Peer 1: 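Starting off with a structure, shown below.
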Amino acid sequence: MIENLFFMNGYGLYVWSAFLFTLVSFLTLFLVIKIQYNKEKNKFIAKFGSLNPEKATFAKSQSINKEILSNTSSI
Amino acid sequence: MFKYFEPNKIFSITSKAPKYVLFLFIVIFSIGLTEALILSPEDYKQSHSVRIMYVHVPAAWISLGIFSVITFLSIVGYIFKIRNFFLIAKSLAPSGLVFNIIALVTGSIWGKPTWGTWWAWDARITSMLILALFYTMYLVAWRIFEDNDKVFKVTSIITILGIINVPIIKYSVDWWNTLHQPASINILSKSSIHISMLFPLMTMTAAFALFSLLIFLMKYNTELIKIKNKGLDRL
């Protein structure tokens with residue numbers, strides 16, 4: 001049965017390469033977007049940290065900024 | 001009504017949703033893979049090579065669906081001047097392009113044992129390649145143009161031109177003699193595919209749709225944070 005799953009009557013190479021290509025594409029896209037996300041989030045945290053207290057209080061009054069700074073927005 | 005689409009209002013949802021969507025995707029994708037590779041029967045004519053359909057067809061459907069949604073959002077966004085619609089459209093495009101490439105590559109792999117060739121300048125395959133070019137132009141436009149008004153205009157024009165190609169893709173197998181087989185699944189009439197193959201196909205379609213939702217949410221959140229970064233610079 002295992003042999004049949006791999007060779008699939010001679011079509012195994014085609015079937016497995018199609019599925020493998022799909023998986024690799026998924027993984028690559030996921031990682032690229034994840035890296036972009038982390039980069040922007042880290043940039044935001046660094047910029048937020050460099051604000052003076054008055055500006056930081058004002059920025060924190062916006063709910064979206066609070067959300068970004070919290071850990072809930074990570075996967 | 002459009003006020004509900006404001007980024008500030010929906011970020012609290014879009015920032016928390018990815019982890020749940022990822023979990024659901026892993027579950028559905030695992031079921032889909034088991035059905036597609038092990039449980040579904042082989043075809044009487046194409047034998048096991050038919051299993052490629054379970055990645056090829058959902059990828060093609062979703063890439064076409066995403067392009068249609070991008071066009072709709074671009075047109076409505078341009079008419080009603082809703083910036084967030086452009087942001088949603090931009091966030092959908094990367095997964096649309098990747099699904100388009102998957103459809104082309106897996107179709108090529110399927111073509112070799114079925115037609116005896118990796119590629120043919122057939123109407124369906126060529127029109128799918130043209131769609132990939134429109135996706136690429138759309139994403140490149142976002143990178144080239146800095147000015148918002150200009151990028152909204154250019155990307156809207158690209159999508160309007162590109163959407164003309166979508167019905168051509170759909171009906172190419174009916175309008176011309178093509179190597180590509182006609183559709184086996186019809187919404188309006190009886191489908192020619194057996195339930196034992198339809199079920200894994202639908203499961204994989206659901207998994208692919210969840211993956212594109214996951215990528216969309218992650219990309220959308222990234223774009224919102226990018227905007228907020230610019231906002232902090234202005235403080």
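In what follows, chains are A, B, ... by sequence order, proteins preceding strands, each numbered from 1. Keep in mind it's a predicted model, so treat the numbers as computed, not measured.
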Peer 1: In terms of heavy-atom proximity below 4.5 Å to chain A, should Ser95(B) be classed as side chain, backbone, both, or neither?
Peer 2: both
Peer 1: When rounded to the nearest 0.5 angstrom, what distance separates NZ in Lys230(B) from NZ in Lys47(A)?
Peer 2: 9.5 Å
Peer 1: Quick one: what part of Gln46(B) sits under 4.5 Å from any heavy atom of chain A, side chain, backbone, both or neither?
Peer 2: backbone
Peer 1: So for Met204(B), is it side chain, backbone, both, or neither that comes closer than 4.5 Å to the heavy atoms of chain A?
Peer 2: side chain
Peer 1: Please look at Phe216(B) and chain A and tell me whether the side chain, the backbone, both or neither of the residue comes under 4.5 angstrom of a heavy atom of that chain.
Peer 2: neither
Peer 1: Find the one option among Phe26(A), Phe48(A), Phe44(A) whose heavy-atom pairs under 4.5 Å with chain B are most numerous.
Peer 2: Phe26(A)
Peer 1: Could you pull out the closest heavy-atom pair between Ala18(A) and Ile52(B), with the gap in Å?
Peer 2: CB-CG2, 3.9 Å
Peer 1: Look at the rings of Tyr14(A) and Trp118(B) and say which category their plane angle falls in: under 30° parallel, 30 to 60° tilted, over 60° perpendicular.
Peer 2: tilted
Peer 1: Quick one: which residues of residues 6-13 of chain A reach chain B at under 4.5 angstrom, heavy atoms only?
Peer 2: Met8(A), Asn9(A), Tyr11(A)
Peer 1: Using a cut-off of under 4.5 Å for heavy-atom pairs, which of Val15(A), Leu29(A), Asn4(A), Asn38(A) has the most such pairs with chain B?
Peer 2: Leu29(A)
Peer 1: Please report the closest heavy-atom contact between Ile33(A) and Met218(B), naming both atoms and the distance.
Peer 2: CG2-CB, 3.5 Å
Peer 1: Step by step, would you call Leu23(A) with Phe29(B) a side-chain contact (heavy atoms from CB on, under 4.5 Å)?
Peer 2: CA-CA 11 Å; Leu23(A) 282 175; Phe29(B) 194 50; 3.3 Å; yes
Peer 1: What distance separates Ile109(B) CD1 from Phe19(A) CZ, expressed to the nearest 0.5 Å?
Peer 2: 10.5 Å
Peer 1: Which atoms of Phe99(B) come close to chain A, meaning under 4.5 Å heavy atom to heavy atom: side chain ones, backbone ones, both, or neither?
Peer 2: side chain
Peer 1: Inspect the surroundings of CZ in Phe21(A) and state if more than 12 heavy atoms from other residues, nucleotides or ligands are less than 6.0 Å away.
Peer 2: yes
Peer 1: Among Ile101(B), Thr106(B), Val105(B), which has the most heavy-atom pairs under 4.5 Å with chain A?
Peer 2: Val105(B)
Peer 1: Using atom types as modelled and distance alone, determine if a side-chain donor or acceptor of Asn221(B) lies under 3.5 Å from a backbone N or O of Tyr37(A).
Peer 2: no
Peer 1: Is Lys39(A) atom NZ crowded by more than 12 heavy atoms from other residues, nucleotides or ligands, each under 6.0 Å away?
Peer 2: no
Peer 1: For Asn229(B) versus Glu40(A), what's the shortest heavy-atom pair and its separation?
Peer 2: ND2-OE1, 2.9 Å
